[in-house]
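Data first, discussion second: the structure below is written as structure tokens.
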Amino acid sequence: MFDFLRILYTRDQIADQVHRLGKEIDRDYAGREILLVCVLKGSFLFFADLVRSISRPMVMDFVRMASYGCDTISSGVVEMRKDLEFSVTDRDVIIVEDIVDTGYTLQTLYHRLLDRKPRSLKVCTLLDKRSDRRVQIEADYVGLSLDEGFVVGYGLDHQEKYRELPDLYVLEGSPCVDKERPI
Ligand code: IMP
């Protein structure tokens with residue numbers, strides 16, 4: 001069975017927003033070194049483009065989170081599969097997410113990092129899906145917004161497929177199967 005993909009944002013629209021976000025971060029972090037945290041796997045392409053659009057000094061680190069539930073809807077049970085290698089204490093940290101959907105994943109990671117006493121902690125997300133939000137958490141930097149639908153491409157997957165697509169698509173008619181959903 002084949003999935004049907006409907007184009008949501010083109011690679012040019014994505015590139016414009018990534019460039020804008022880079023400039024906003026440059027403006028806000030003048031004279032400071034940033035620790036950018038990539039949330040694997042979905043953020044890897046966004047992260048790679050974003051770090052190249054930022055001109056401030058930076059270091060990078062990577063975390064991996066997983067949530068459980070239906071394959072397109074998070075249950076709210078989130079675990080950290082891979083922790084950071086650097087300490088965040090007294091650093092200016094930006095979490096880089098692919099999408100904030102229910103908000104459970106970001107909330108879990110945000111509070112874990114906040115407990116480690118960074119100097120500052122902000123969130124940059126490529127996509128903000130506010131209609132599905134279950135917890136109160138906001139990103140400081142938002143690339144693009146959407147109201148509904150499950151998105152694939154540009155790093156985002158459905159059952160590990162479609163990450164390689166250069167544009168963003170809405171997956172039409174995806175069945176909901178109870179399973180572990182790696183992020
Ligand atoms: P949340 O915990 O529901 O906010 O979901 C966060 C994570 O679930 C994201 O980092 C994504 O990896 C994954 N996710 C949520 N919505 C989508 C989507 O529409 N497409 C692909 N992955 C998604």
Side-chain angles (χ1 to χ4, degrees), residues 8-67 78 80-101 103-129 137-146 151-158 160-169 182-183:
L8 179 67
Y9 291 114
T10 65
R11 64 200 76 183
D12 290 342
Q13 290 173 308
I14 297 166
D16 286 348
Q17 296 311 313
V18 173
H19 181 75
R20 174 182 60 80
L21 291 171
K23 295 307 122 206
E24 286 179 19
I25 291 170
D26 275 352
R27 180 199 62 205
D28 294 350
Y29 287 82
R32 293 146 78 190
E33 184 186 78
I34 313 166
L35 170 56
L36 286 147
V37 175
C38 175
V39 185
L40 295 170
K41 298 179 188 177
S43 305
F44 80 105
L45 287 180
F46 174 48
F47 189 79
D49 288 338
L50 183 69
V51 296
R52 287 178 289 176
S53 73
I54 296 172
S55 310
R56 301 294 168 207
M58 67 177 74
V59 290
M60 300 168 208
D61 209 340
F62 301 83
V63 292
R64 182 141 158 71
M65 308 294 286
S67 66
V78 180
M80 188 181 263
R81 290 268 179 87
K82 180 205 172 301
D83 203 342
L84 292 172
E85 290 171 15
F86 290 135
S87 165
V88 303
T89 307
D90 292 331
R91 303 197 83 128
D92 292 308
V93 181
I94 303 178
I95 297 170
V96 180
E97 262 284 20
D98 52 352
I99 184 166
V100 185
D101 188 356
Y104 290 133
T105 304
L106 179 59
Q107 187 188 52
T108 303
L109 178 60
Y110 188 90
H111 287 290
R112 281 200 179 211
L113 297 193
L114 203 60
D115 285 348
R116 300 175 190 182
K117 311 233 179 311
R119 184 183 301 124
S120 66
L121 181 59
K122 289 195 175 181
V123 177
C124 178
T125 185
L126 172 67
L127 290 164
D128 191 9
K129 199 183 339 177
I137 190 148
E138 300 291 333
D140 302 278
Y141 304 97
V142 175
L144 296 156
S145 299
L146 70 150
V151 184
V152 296
Y154 194 61
L156 289 87
D157 76 308
H158 177 243
E160 290 301 322
K161 291 195 294 183
Y162 309 122
R163 291 193 197 277
E164 74 284 4
L165 300 177
D167 307 292
L168 281 164
Y169 297 84
I183 295 168

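The basis for the numbers below is simple: all heavy atoms, side chains too, and nothing from hydrogens, waters or symmetry mates.
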Nearest 0.5 angstrom please: L156 CG to S43 OG, how far? 7.5 Å
Is there side-chain contact between L8 and L144, with at least one heavy-atom pair below 4.5 Å? no
Mind jotting down which residue pairs meet the salt bridge (Lys or Arg N to Asp or Glu O under 4.0 Å) criterion with at least one end in residues 50-62? Sequence neighbours excluded, please. D49-R52
Mind checking salt bridge (Lys or Arg N to Asp or Glu O under 4.0 Å) for D167 and listing every partner two or more places apart, or none if nothing turns up? R11
Residues two or more places apart in sequence or in another chain: which of them pass side-chain hydrogen bond (donor to acceptor under 3.5 Å, both in side chains) with S53? none
Gap between atom CD1 of I34 and atom CE of M60 - 0.5 Å precision: 10.0 Å
Taking side-chain hydrogen bond (donor to acceptor under 3.5 Å, both in side chains) as the definition, give me every residue that meets it alongside S87, ordered by chain and number, with sequence neighbours left out. T89
Test of understanding: with side-chain contact (heavy atoms from CB on, under 4.5 Å), list the residues that count as partners of D83, not counting sequence neighbours. M80, R116
Not counting sequence neighbours, list each pair that qualifies as a ring pair (Phe, Tyr, Trp, His ring centres under 6.0 Å) and has a residue in residues 18-57. F47-F62
For Q13, side-chain contact (heavy atoms from CB on, under 4.5 Å) partners two or more places apart: Y9, T10
Would a 4.5 Å heavy-atom cut-off, applied to side chains only, mark I95 and L121 as touching? yes
Are any of the side-chain heavy atoms of L126 and L50 separated by less than 4.5 Å? no
Please enumerate all residues that pass salt bridge (Lys or Arg N to Asp or Glu O under 4.0 Å) together with E85, with sequence neighbours excluded. K82
May I have the list of side-chain donor-acceptor pairs in residues 106-113 shorter than 3.5 Å, sequence neighbours left out?
residue: T108; atom: OG1; partner: Y104; partner atom: O; Å: 2.8

Sequence neighbours excluded, which residues qualify as side-chain contact (heavy atoms from CB on, under 4.5 Å) partners of D140? K122, V123
Taking only residues two or more places apart in sequence, or in another chain, which ones meet K23 in a side-chain hydrogen bond (donor to acceptor under 3.5 Å, both in side chains)? D26
